[in-house]
Amino acid sequence: MPDAGQPIEPSAPADLTPQAAEGAHTPAPPPAVEKSFLVQRFAKIKLGAIHVVGYSVAGEETVTQVPELNVCFDIGRCPYFALTSDIVCITHGHMDHLAGLPYYLSQRYFQGMKPGTVLLPRELERPVDVMLRCWRDVERQSTPYTLVPMSAGQLHEVRRDFGIRAFATHHGGVSLGYALISIREKLKPEYVGRPGPELAALRRAGTDIQYRLEVPLVAFTGDTTAGPVFDNPDVRNAETLITECTFFDADHRTKAKAGKHLHVEQFAAVVLPKLNNQHIVIGHVTRRTSVRRARHLLRRIVGEEKMRNVHFLMDFEGSVNEGEFDQAGPPPADTAE
Ligand SMILES: [Zn+2]
Ligand SMILES: [Zn+2]
């Protein structure tokens with residue numbers, strides 16, 4: 001990584017050379033514009049009716065948005081796109097997942113958007129509330145916000161037909177994952193095909209002719225190691241599961257264990273066989289391993305067939321160099337959306 005605390009000096013404009021100042025007989029070509037390489041690139045994956053937008057690198061930043069459902073999982077450093085989600089679900093208190101929260105709330109207020117709603121583990125409600133009150137004083141702006149303390153198994157109803165259920169994860173401290181649930185009222189099979197007036201009469205008479213159908217659309221585990229979380233039906237059956245696999249190289253097994261993260265060997269042997277998801281998105285890959293190599297190592301264990309519905313969040317143009325960040329020069333110009 002570059003040395004922290006080293007200020008980045010702006011380079012001198014290219015045309016302030018003596019020759020340029022004196023003026024040349026032939027018109028000089030326009031000075032080359034030095035494009036900044038300090039451009040953060042974000043992922044955008046289309047999976048059926050939704051998109052997964054985000055950035056997730058272990059220890060650096062994790063923020064993952066599903067714009068169609070108005071929800072952002074973790075907030076990272078609050079990149080600009082994350083401001084558009086009305087709801088943020090915080091999985092745990094690590095800085096790389098949470099740092100942007102005051103910025104998210106403050107900017108939304110500043111820009112006239114409605115106050116952000118933040119779901120978070122119950123144990124974090126108090127310290128996060130204290131932090132946000134401090135920010136009000138620091139910034140001298142009475143930023144409004146709503147904190148919703150959550151426990152494993154608790155359902156937060158956003159609308160009659162849409163809710164967010166928390167589930168326990170295994171990351172060493174207080175941590176939760178979240179499932180976005182579509183809630184539908186369906187006619188019980190025995191009443192299907194009956195005429196409308198008859199159904200209306202039954203309803204008036206107090207007969208319960210409907211049942212509640214819950215469909216987990218998206219589940220986000222955040223940081224976790226293997227454990228009962230992957231037996232949870234919301235996690236196993238969500239149409240899209242966004243989870244982590246941080247380490248891939250054989251000599252990173254102890255790091256995975258110490259940090260309570262998944263190693264690819266665990267992911268392949270214990271986690272993947274349990275999953276019924278249409279789409280599986282892997283984030284939080286360490287910078288120590290390139291995404292291309294991570295995919296190669298997973299494929300080597302599970303085979304091509306099992307890789308068909310597995311996506312790496314950070315697998316986009318240019319991301320092949322993620323692991324070589326230290327050695328890499330400026331990444332190519334940002335041509336992604
Ligand atoms: Zn993390
Ligand atoms: Zn963490």
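Counting starts at 1 for both ligands and their atoms, in listed order.
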Give the name of the N/O/S atom in Asp223 that lies closest to the Zn ion (ligand 1). OD2
Looking at His170, Lys255, Glu244, which hits side chain to side chain donor-acceptor pair (under 3.5 Å) with His261? Glu244
Would you tell me whether Tyr55 and Glu60 have side-chain atoms, one donor and one acceptor, within less than 3.5 Å of each other? yes
Going by heavy atoms in the side chains, are Pro102 and Leu132 under 4.5 Å from each other? yes
Any N/O/S atom, side chain or main chain, of His261 closer to the Zn ion (ligand 1) than 2.8 Å? no
Do any N or O atoms from the side chain of Ser106 and from the backbone of Tyr103 form a donor-acceptor pair under 3.5 angstrom? no
What is the name of the N/O/S atom of His92 that is nearest to the Zn ion (ligand 2)? NE2
Name, closest N/O/S atom of His94 to the Zn ion (ligand 2): ND1
Can you tell whether the side chains of Lys260 and Asp223 come within less than 4.0 Å, N to carboxylate O? no
Is the Zn ion (ligand 1) less than 2.8 Å from an N/O/S atom of His284, whether that atom is in the backbone or a side chain? yes
